[in-house]
Amino acid sequence: MLLAVTDLHKSFPGADAPVRVLRGVSLQLEAGQTMALTGESGSGKSTLLHLIGGLDRPDAGQIVLDGLHVETLSDRGRAALRRDRVGVVFQQFNLIPSHSVGANIAFQARLAGRHDADWCAALARRLGLEAHLAAYPEQLSGGQQQRVAIARTLAARPALVLADEPTGNLDETTAEAVLDAMLSLVTETGAALLVVTHSAQVAGRMQRRAVLRGGVIA
Amino acid sequence: MIGAALGALMSFWRARPLQLFTLLAGLALATALWSGVQAINAEARASYAAASATLGGDSLERIVDRAGGTLAQADYIALRRGGWLVSPVVEGRLNGVRLAGIDPLTAPQGPTEAGAGDLWGFIGGRGQIIGRADTLRNLPQEGPELVEQHSMAPGLAIADIGQAQRLLGLEGRISYLVVLPGQPLRQVPLAEIAPGLELTAARPATDLARLTDSFHLNLTAFGLLAFAVGIFIVHGAVGLAFEQRRALVRTLRALGLPLGALIGLLAGELLVLSLLAGGMGVALGYLIAAALLPDVAATLRGLYGADLTGQLQIRPVWWLSGLGMAVGGAALASAGALWRLARLPFLAGGQRRAWALAGQRALRRQFALAIGLLGLAAILALRGSGLLAGFGLLAALMLGAALLLPVVLGWLLRGCERLASAPVAQWFWADSRQQLPGLSLALMALMLAMAANTGVSTMVSSFRLTFAGFLDQRLMAELYVDAATPAEADRVRDYVTPRVDAVLPLMAAQTMLAGGPGELRGMVDHASFRDNWQFLAALPDAWDRLHSGRGVMVSEQLARRADLWLGDVLGVEGTALPVVAVVGDYGNPVGQAIVTASLFASLHPEAPPHRLALRLPPGEVPGLVDALVRDLGISRDRLTDQAALKAYSMGVFERTFAVTGALNLLTLAVAGFAMLMSLLTLAALRLPQLAPVWALGLTRARLGRLELLRAVLLAGLVTLLAVPLGLALAWVLLAVVNVEAFGWRLPMHLFPADYAWLAGLALVAAALAAWWPARRLARTRPADLLRVFANER
């Protein structure tokens, strides 16, 4: 088992009382599996993804990722988790604006000490970014930027790829192309993929599907 | 419509109190430093004007003793009988107060014009001394009646001449005679009545002001630079506010608000804000001036004998000029933003751009402008002449360097990025480079502040070092006696000759040198001079040539004015002598020529020496002073102890340092504030740049530390560039502006320890400025960082 989430709780400060977003979420994911996480806006999908990726702390519950108890990790430990084992693709504002496309792709792999120039070059080629390696993020279209984010994530060869609405800002054709590229490369690297999406089309491309409703997996 | 639009525009500031504070505080600080300095200058100039007005004598011709001593009362009577309309004045220091004794019946301005008392009270009975309350406090309470008069110049008191002569120990002596206007056509020539006296030209009323101009020039330069630093802050705050309101501007225009009305509203908003900030700045400037004025007053009194009250008055001129500078500064800082807004295409208004993100084209334009300005500075340095060219050189140098700064920093950071191999280091340098547009105004402000501090500190320290050397050179004797008469000088000489190692007479007379008024000095041949004097330029055997009557030494002022250098011939009252040395004579506006004592005596037999320099073991000075007072009845005011004089002179410089030191700290504080405000306002805009790096595995604490390190490193780089700029500034002030303004050049010395201390202060200021934003970043909630990636952002 790559990922096991058990009875996860999370709330945020509200105007009058804390807003309980997650009320005991449990789910599992095997290595190499792909899963779609769907649900209404505000149902806590992104929050769950953030907790799994060590981007935030849960109030209660367990997250075991690749044998590590994520909920017990310090800030530094969670930073190491993000660096070494998890890759995150967000909907937007993914990239480091001061780095070129080439530097962005290599960045996480270099942080994790797993930089492989050939693999980075192959990813750039397969994602159609070869001609843009010297460009800066602000010079790219939204679809191109998302492909750079995917390449950067996979360049570090993470055990788990977390994607939060990765095609939410893209037109249908571009979204399809980005999703194709991501799925084929994830499969190739043997990573597991957990995608938060509103899109039934995206969810339909995943092996498994979970729906978050009322703070729990329905 | 206007009210609704104004409400919408103002709501921006309500939502961003920190930004509003930055704008107001930046403008207020800039105005405060400017108006504080102006308040000090205005107070000083008012004091000089009062001094001139009180005696009224500076604007009239005078008859003085050719040898620089006092006049006998008999000379006065002889002159009156010879048809000269003259009025006697005796002057001296009593308990630190400048006491002037006048004859109210003949004086151009008597006590009644000064506004106090009646004539009989002034000259009859106990007599009166008229002065300001703070001046009178220092005078003996017994004796003449002390009459308070606020319109008198600070530090000056007047009394009837008889009273003053008695109080100053100058019975029967007169300091000078004021030549009244409307002289009769028939007069006995002065040379016939009193060959030892001479007529001197009227001194303009602003003479004292001119002497102190060097000091005020420094203060004004400091004030202007501090103002420029503040305007950089305002420029940044206004630019950011305009960028952030682009969407609002588009909405307002879409809803039907005409562009003209919009521009008017924004300009009106700025006017109100600048008046508010200007008012605060003037008030703050008053406090700064009130705190600094006692030190400035002490400095001016010590350096030039100019008296200031040490108390500040609210003068409408600087109050209004402070407000004017605030409004003008705000207009200058926001003109660009308003211009861009006026030319903004309607539909482009809502697209938010990164603040001040100068595109490559804009950066290239800035680079070209900077190179152009520095080129102009180089041309002015090589070819320019006159004070205006000097100031033009200063402005072009400082502005050009400030504009060049972001470009140079960009190159340096790119170089560091290329040298770095670790990914975090590479990101750090690349990210620092990306921050440059947002931080460049604050960094320019820091550089200007640092350069101003380095330049002015170098100038003041060079002045102190040079002046200390000059004092050692000129005050080589342990005791100076200023005899009232030649007979007294002879008595002193006879008395001290067996008691001291050497008696060196000091001879001086007013004369014409190279077509202008000057001073001729006679020098005896003694090791004291040969061992202590240093020359700016000299022939190898200058002393031998001088004492064999084959040469003359000239002061730098005379050398520059008459273009007389080594080997050139100067006519000294009919005797042509080659220049054998050029000597520094700092602070003296009159040119000086030095010849051998025998030549002086042959040229001026009527001017025997009044001043004697005595060489003796320093420990024996107090005993000799007591003996001279006791045995010969010499007034202590006429005996000058070298050690005390040097200590006093150096004390004056320490107070000057206190002023410049305080201004240094204030300017640096303003620059630090600019950096803090830039970092705080940038902090919110920084999140999209930092969040991805955090998400990829850098902790918030580490990001915070890197932010702190970045600020310190940038400040360090700025310091590295600011020190040479400051030295260039010092060179311009010393070698160009000072020479053009005052006719003498100060040698420039370097003070590496001071620069290191200043650099340390700048780094501390940068670290303090960055500490809060860095701490805020380190404590940013993950939810806030994650919001960067969310759709609803």
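The sequence lines fix the lettering, A, B, ..., with proteins before strands; numbering per chain opens at 1. From a predicted model like this one, the values you see are computed outputs, not experimental measurements.
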Inter-residue atom distance Leu696(B).CG - Ile96(A).CD1, 0.5 Å rounding: 5.5 Å
Would you say [atom1] of [X] has more than 12 non-hydrogen atoms from neighbouring residues, nucleotides or ligands within 6.0 angstrom?
X         : atom1 : answer
Trp772(B) : CH2   : no
Gln139(A) : CD    : yes
Arg702(B) : CZ    : no

For the interface with chain B, which of [options] has the highest count of heavy-atom pairs at distances below 4.5 Å?
options                                 : value
Asp84(A), Thr47(A), Leu81(A), Asp56(A)  : Asp56(A)
Gln108(A), Arg76(A), Arg82(A), His99(A) : Arg82(A)
Asp75(A), Val86(A), Asp164(A)           : Asp75(A)

Side chain, backbone, both or neither of Arg152(A) within contact of chain B (heavy atoms, under 4.5 Å): side chain
Side chains of Leu111(A) and Pro423(B) in contact at under 4.5 Å (non-hydrogen atoms): yes
Close side-chain approach of Gln689(B) and Ser98(A), heavy atoms under 4.5 Å: no
Which heavy atom of [X] sits nearest a heavy atom of [Y], and at what distance?
X         : Y         : value
Leu95(A)  : Pro692(B) : O-CG, 3.5 Å
Thr699(B) : Ala79(A)  : CG2-CB, 3.5 Å
Gly697(B) : Arg83(A)  : O-NH1, 3.1 Å

[X], part contacting chain A, at a heavy-atom distance under 4.5 Å:
X         : answer
Trp427(B) : both
Arg433(B) : side chain
Gln435(B) : neither

Short side-chain to backbone donor-acceptor contact, Arg110(A) and Val424(B), under 3.5 Å: no
